[in-house]
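Before any comments, here is the structure.
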Protein chains: 2
Amino acid sequence: MEEYDMQFTCAKEDLLTAIGTVNRAASKMQKTILECILFSCAEDVITLRATDIALSIKTEMNAQIEKTGDAAIPAKLLYEIIGRFPESDVTFRSVGENSVEISCLNSKVVLQQMNADEFPVFPELENKEQIKLPQCALRTMINQTLFAAAVNEDKPILTGLLFDIEKDSLTIVALDGYRMAVRKQPAISDISKKCVIPARTLREVSRIISETEENVKISISGNMALFEAGNTEIYTRLLEGEYINYRNLLPADCATSVKVETNMLKDSLERASILAREGNNNVVKFEISEKNLEITSNSEMGNIDEQIPVLTEGKDLKIAFNAKYVLDVLKNVEESEVLMQYNTGVSPCVVKQENSDAYEYLILPVQLREE
Amino acid sequence: MEEYDMQFTCAKEDLLTAIGTVNRAASKMQKTILECILFSCAEDVITLRATDIALSIKTEMNAQIEKTGDAAIPAKLLYEIIGRFPESDVTFRSVGENSVEISCLNSKVVLQQMNADEFPVFPELENKEQIKLPQCALRTMINQTLFAAAVNEDKPILTGLLFDIEKDSLTIVALDGYRMAVRKQPAISDISKKCVIPARTLREVSRIISETEENVKISISGNMALFEAGNTEIYTRLLEGEYINYRNLLPADCATSVKVETNMLKDSLERASILAREGNNNVVKFEISEKNLEITSNSEMGNIDEQIPVLTEGKDLKIAFNAKYVLDVLKNVEESEVLMQYNTGVSPCVVKQENSDAYEYLILPVQLREE
């Protein structure tokens with residue numbers, strides 16, 4: 001009879017969920033231990049780990065465990081194969097030192113495994129000072145700010161999001177030099193601290209945490225942060241460097257305040273940007289008066305004119321924007337009405353909710369040459 | 001008061017449907033008349049035309065017509081803008097010689113138009129000998145054969161599909177040197193004729209005709225074919241050259257006949273091809289015995305073994321395929337069971353329905369070196 005080092009059986013769905021949770025922390029570098037998921041099979045639970053050093057994810061799953069042991073299996077291939085299995089029980093068995101046999105009904109796959117001993121030790125955080133908030137709240141905060149983070153690496157710090165943690169609140173900030181997103185939320189915190197978390201990590205956090213009211217715990221220690229949600233832990237390196245003092249960027253005054261229906265403005269901008277895109281840097285012009293916002297754009301193909309009913313307080317104003325930056329904001333707010341606050345045609349505009357500082361988006365205008 | 005050359009009002013949905021119908025015949029070459037849709041506004045109906053010479057599409061739509069006339073407007077831009085309009089009435093007005101004004105609620109777009117007189121005259125077919133069949137039937141036939149047509153242009157004739165028209169049937173054939181699809185259907189015909197129609201045309205025909213039992217009429221004349229469905233006409237050039245005598249390719253005998261559940265075979269092949277793809281040309285091996293089909297594949301990453309219950313008549317057999325070619329067939333048949341007919345391990349396999357010649361797929365095996 002063959003000797004198996006590790007053996008367990010579990011439902012395909014549970015296995016796929018667990019692999020899907022850690023999967024994207026695995027490195028894309030083939031034939032290295034970092035492309036693997038480490039399965040650690042204890043008496044009563046299986047732990048899955050994946051890491052590319054910058055980001056590390058660990059989760060647990062239940063299974064009928066026959067024999068304890070470890071196995072390191074390439075993540076991408078495994079995820080693809082398990083995803084194609086029928087909805088039934090899946091059995092894992094180590095076969096000798098180098099391979100693992102995975103079977104499900106009439107399918108049997110033998111995969112090469114790598115040396116589990118080479119798998120990096122996971123980070124551990126000392127002084128677990130924490131902030132807690134509902135998973136659904138953190139997810140919304142991330143989704144409403146992530147799009148404003150810098151994509152290119154000119155200023156690496158801006159590819160991350162600032163977590164500004166205070167005793168009773170969490171504020172997340174993203175900016176890329178053209179626009180800024182500031183999102184504030186009540187939270188229960190032991191600490192007052194600022195740190196910058198890579199956008200990539202937060203994309204995974206948003207994907208993994210669920211739409212529940214259950215809390216996610218965030219701990220910061222040294223140059224690491226840890227997100228804990230249910231039985232999943234996400235470790236990430238922090239970005240080093242000084243983040244811009246975002247509070248100074250938000251204008252104190254407002255000369256023109258415009259209340260507008262979110263979807264109406266979004267639809268008009270979508271149309272205007274079709275023409276604005278055609279060789280005109282996506283520039284759309286706003287002309288604001290007491291009850292009307294006129295949006296125009298043009299290219300050599302033609303021009304468009306949109307009239308939107310609004311409620312304006314303050315001075316009339318002309319200003320121009322890159323349509324994409326305004327659209328990014330409108331696509332990510334949930335409210336049916338937003339407030340747009342302006343000062344001059346060459347100073348930034350703030351988009352926010354009436355009577356709330358839950359979010360504030362800052363958008364720089366485009367400066368047009370005198371016509 | 002301004003003078004308008006053409007003016008009409010219609011529902012946005014009707015306009016979008018009509019533009020969407022002709023749209024893809026327009027050329028991608030910008031700033032030429034061929035990138036335009038020609039609107040011809042008569043007393044009681046509007047005709048839309050688009051053509052890149054090889055393919056020409058014409059459709060009609062109803063509108064409230066204020067003033068007759070023509071306008072040629074860039075197709076892609078127009079389709080994108082109308083698609084973004086709210087669900088309401090849209091008004092078109094020619095403004096002078098060079099532009100057209102399109103308005104919908106509070107949006108007003110002015111687009112440059114090109115010289116409608118330069119728009120190519122549409123082909124006309126003499127001797128309209130016809131074959132008729134339900135639109136839904138033609139659509140299924142096209143979708144079940146198109147995937148087997150050649151993609152590269154080494155043998156241009158194989159980038160088209162053979163229409164083999166007989167007095168009481170239509171047979172559509174596609175082949176690319178590795179597999180062949182033959183699909184036969186009863187039809188009412190004046191003619192016996194063979195012609196080869198470009199795959200691109202048939203992709204558009206399949207998109208435009210609907211799931212109805214209403215007939216589509218196909219006319220062949222000279223080097224042109226015409227598809228008529230409802231108020232839409234699709235003109236296409238035929239491909240020139242001699243098509244392979246496909247009937248000679250279909251084997252007369254069968255030494256091994258295997259009845260198998262379509263989805264079970266498809267799922268097993270999907271799994272096997274995950275490993276087969278990894279540096280092994282997607283080769284999967286079949287080992288057929290009386291009640292079992294074993295599928296195996298391997299790569300340096302591992303190997304997979306699938307056991308599928310089947311009903312076999314005739315000799316046991318070993319044969320290998322490119323998994324993609326078998327999967328393409330299984331994804332396009334509707335029946336829950338298929339019959340696979342083999343002769344030897346180095347001769348083509350036929351996939352068909354039991355007791356029916358509605359479709360016959362021929363798949364060449366991969367010849368493995370002796371192991």
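Order of the sequence lines sets the chain letters (A, B, ...), proteins ahead of strands, with each chain counted from 1.
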Portion of B:Gln113 that has a non-hydrogen atom of chain A nearer than 4.5 angstrom: neither
Atom CD of residue position B:Glu13 - does it have more than 12 heavy atoms of other residues, nucleotides or ligands inside 6.0 Å? yes
Could you check which of [options] has the highest count of heavy-atom pairs closer than 4.5 Å to chain A?
options                               : answer
B:Ala272, B:Gly302, B:Ser103, B:Gly83 : B:Gly302
B:Ile304, B:Ile81, B:Val110           : B:Val110
B:Gln112, B:Arg271, B:Glu306, B:Glu80 : B:Arg271

Result for side chain to side chain contact (heavy atoms under 4.5 Å, CB included) between B:Val326 and one of B:Met340, B:Arg179, B:Lys266 points to B:Met340
Which heavy atom in B:Ser273 sits nearest to a heavy atom in B:Val284, and how many Å separate them? N-CG1, 4.5 Å
Turns out that what part of A:Pro74 lies under 4.5 Å from chain B's heavy atoms comes down to side chain
Side chain / backbone / both / neither for A:Ser99 at chain B, heavy atoms under 4.5 Å: neither
Mind checking the CG-CG spacing from A:Leu111 to B:Leu275? Nearest 0.5 Å is all I need. 6.0 Å
Does A:Asp328 pair with A:Lys324 as a salt bridge, N-O distance under 4.0 Å? yes
